[in-house]
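Just below is one structure, and these are the notes that go with it.
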Amino acid sequence: MLSHEKNALLTQCGPAAPMGRFMRSFWIPAMTAAQVPSADEPPVRLTLLSERLVVFRDTQGRVGVMEENCPHRGASLFFGRNEEGGLRCVYHGWKFDVEGNCLEMPAEPATSRMCQNVKTRAYPARIAGALLWIYMGDAQTVPDLPAFGFIGQPDDHLYASRWHQECNYAQAMEGELDSAHVSFLHQELNKTNPDPQALTGKYFQEDTAPLWKILPNGAGFMACNGRSVDGDKRYWRLNQFLLPFFTMIPPRPGDAQLVRMWVPMTDERSWVICVSWRPDGPLNEKELTAWRNGENSHRKVVPGTTLPVERLDNDYLIDRQEQKTVSFTGIKGIRAQDAMVTETAGPIADRSREHLGSSDVAVVAMRRALMEGATQCADSGQPHPAAANAWLYSVRAVQAVLPGDQSLEAADEFLAPARATPPSPTSTH
Ligand code: FES
Ligand SMILES: [Fe+2]
């Protein structure tokens, strides 16, 4: 349970809110690289942390991310012309480069120096790991990009997608950290997946009340949940949470790695950005086809949009007959099932009315880490240490079946890939 004040602290991410300022000390993933327009193509709109922006690429291919409204009299630059080296407002022809500098003011006399004194708000942007990243914080302290394993991988090792969700980012992310729901929400009624570690496999039915441990990882924590399986064994899943909104759930052996990002669009809507990747080779056609169809780790959207097919305003296309015979929910797609339970709590859930149990341990830890981070950032005026230590993000989510009496903390081999590697003293990383 959270008071109304704490709920506001957790969920409000505009420029003046403590959580909003905290998040702006990190690089923020905004869209897939494929969604960024090509050089000189028309700009696209982007709402991020309650700011309305436009994204374009200039003639040289540099990416520009700037405030949507023209600094002259506020017309939308979405309708602007992307011309030689900059974006031109169609109202009076003011033109801006990717850094927000005003290049031309053709409605002013040739002798006017006004152009040199006007700048629009523009943010540093980078393309890495199949994503566009934006830094919206203090220009004096631009950190390194977080050292996720997928950054720097060849293009054919990566697949990224983005869709939107009709609720606050924290609420959407809670669904990812709460492993206990898998035994219910994603259950199939008419069959059991032969792979016991699949979300619809038998391990999730054998023990529906996992044991929880929270192990710090430097930028957040590992949400470790262990189910009693096969008599005397324990099936451990170590989900990663990394400030401010990154999660990883463990892949099954042989499956691609996965990082998900729960980015505030506004306080009542979120971007869900998902990167699947392989460290050791290209993705295969079978998995790519499934993801492009919005299956498994990715979500089915209306082609060419970020609008999910199964969504709040069509009751997620629930089939009540299938709910009796095929699946626990009658809703197709694991991602749509997750969205249904988080979105239907309302755009911003009233956490003063909830009743948390022991299965909510990771949810509580996540809220606490975020609220402490935001408060610390507001009190000190400094970026959070996680933002300044990119290497902390070089972790993986892992899973394994261990002997029931094995101490998790002592399972060094199992934990090794879940821990970040500090840079060597000679590294400039
Ligand atoms: S409003 Fe953009 S140039 Fe006038
Ligand atoms: Fe789920």
Side-chain angles (χ1 to χ4, degrees), residues 149 173-188 191-243 246-260 278-280 296-297 328 334 338 355-369 391-422:
M173 181 160 65
E174 285 173 1
E176 186 91 335
L177 287 166
D178 150 31
S179 250
H181 78 267
V182 174
S183 303
F184 309 95
L185 184 70
H186 304 313
Q187 190 186 342
E188 289 183 339
K191 59 180 188 293
T192 304
N193 193 312
D195 177 351
Q197 300 182 13
L199 294 185
T200 50
K202 82 173 171 105
Y203 284 170
F204 290 91
Q205 299 310 320
E206 249 183 279
D207 182 354
T208 58
L211 179 72
W212 285 90
K213 288 192 178 194
I214 302 295
L215 302 183
N217 62 12
F221 58 84
M222 290 182 254
C224 314
N225 52 101
R227 290 178 160 83
S228 285
V229 298
D230 296 341
D232 56 355
K233 301 197 175 63
R234 197 169 287 278
Y235 169 48
W236 281 106
R237 292 171 63 82
L238 275 54
N239 295 20
Q240 297 277 4
F241 166 68
L242 300 146
L243 287 166
F246 300 100
T247 57
M248 299 179 192
I249 54 169
R252 285 181 287 165
D255 277 359
Q257 304 284 321
L258 173 69
V259 182
R260 251 197 280 271
R278 286 188 180 274
D280 48 1
N296 302 335
S297 301
F328 209 60
I334 285 180
D338 283 330
H355 299 81
L356 299 182
S358 55
S359 71
D360 302 305
V361 134
V363 169
V364 171
M366 178 270 278
R367 295 175 185 176
R368 186 173 299 147
W391 62 273
L392 291 169
Y393 290 76
S394 61
V395 298
R396 304 246 183 110
V398 295
Q399 62 167 4
V401 179
L402 299 180
D405 57 359
Q406 158 90 61
S407 146
L408 176 63
E409 290 84 346
D412 288 330
E413 205 178 319
F414 172 48
L415 287 172
R419 292 194 163 127
T421 320

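- In this structure, Val363 and Asp178 approach most closely via the heavy-atom pair CG2-CB, 4.1 Å.
- Remark: side-chain polar atoms of Arg227 are paired, donor with acceptor, to backbone N or O of Asp207 under 3.5 angstrom.
- At a threshold of 4.5 Å between non-hydrogen side-chain atoms, the residues Arg260 and Glu176 count as touching.
- Among all heavy-atom pairs drawn from Ala362 and Leu177, the shortest one is CB-O, 3.7 Å.
- Within the 3.5 Å criterion, the main-chain N or O of Arg234 finds no donor-acceptor partner in the side chain of Ser228.
- Distance check, rounded to the nearest 0.5 Å: OG1 of Thr200 to CD of Gln187 gives 10.0 Å.
- Nearest heavy-atom pair across Ala219 and Asn217 is N-OD1, 3.1 Å.
- Put simply, OG on Ser183 and CZ on Phe328 are 9.5 Å apart, with the number rounded to the nearest 0.5 Å.
- Contact detail for Trp212 and Ala223: the closest heavy-atom pair is CZ3-CB, 4.0 Å.
- Distance alone, capped at 3.5 Å, places no donor-acceptor pair between the Arg367 side chain and the Glu174 backbone.
- Taking 4.5 Å as the limit, every side-chain heavy atom of Ile214 sits out of range of all side-chain heavy atoms of Cys224.
- In this structure, Phe221 and Phe241 have tilted ring planes: the angle between them lies in the 30° to 60° band.
- Looking at Gln399, its side chain does come within 3.5 Å of a backbone N or O of Pro251 through a donor-acceptor pair.
- Between the side chain of Asp360 and the backbone N or O of Gly357, at least one donor-acceptor pair lies under 3.5 Å.
- Residues Val401 and Lys233 come closest through the heavy atom pair CG1-CD, 3.5 Å.
- Judged purely by atom type and a 3.5 angstrom limit, Asn225 uses its side chain to pair as donor or acceptor with the backbone of Arg237.
- A donor-acceptor contact closer than 3.5 angstrom is absent between the side chains of Arg252 and Gln197.
- Residue Glu409 qualifies as enclosed at atom CD: its count of foreign heavy atoms under 6.0 Å is above 12.
- Between the Gln240 side chain and the Arg396 main chain, a donor and an acceptor come within less than 3.5 Å of each other.
- Here the shortest heavy-atom pairing between Leu415 and Leu408 reads CD1-O, 3.3 Å.
- Between the side chains of Asn193 and Glu188, not a single donor N or O lies within less than 3.5 Å of an accepting N or O.
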For this session: Start with the C-alpha distance between Asn296 and Ile334, add both sets of side-chain angles, then the distance that settles side-chain contact (heavy atoms from CB on, under 4.5 Å), and finish with yes or no.
Result: CA-CA 7 Å; Asn296 302 335; Ile334 285 180; over 6 Å; no
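- A donor-acceptor contact closer than 3.5 angstrom is absent between the side chains of Asp230 and Tyr235.
- Judged by distance alone, the side chain of Ser394 and the main-chain N or O of Trp391 form a donor-acceptor pair under 3.5 Å.
- Classification of the Phe246-Tyr393 ring pair by plane angle, with boundaries at 30° and 60°, yields perpendicular.
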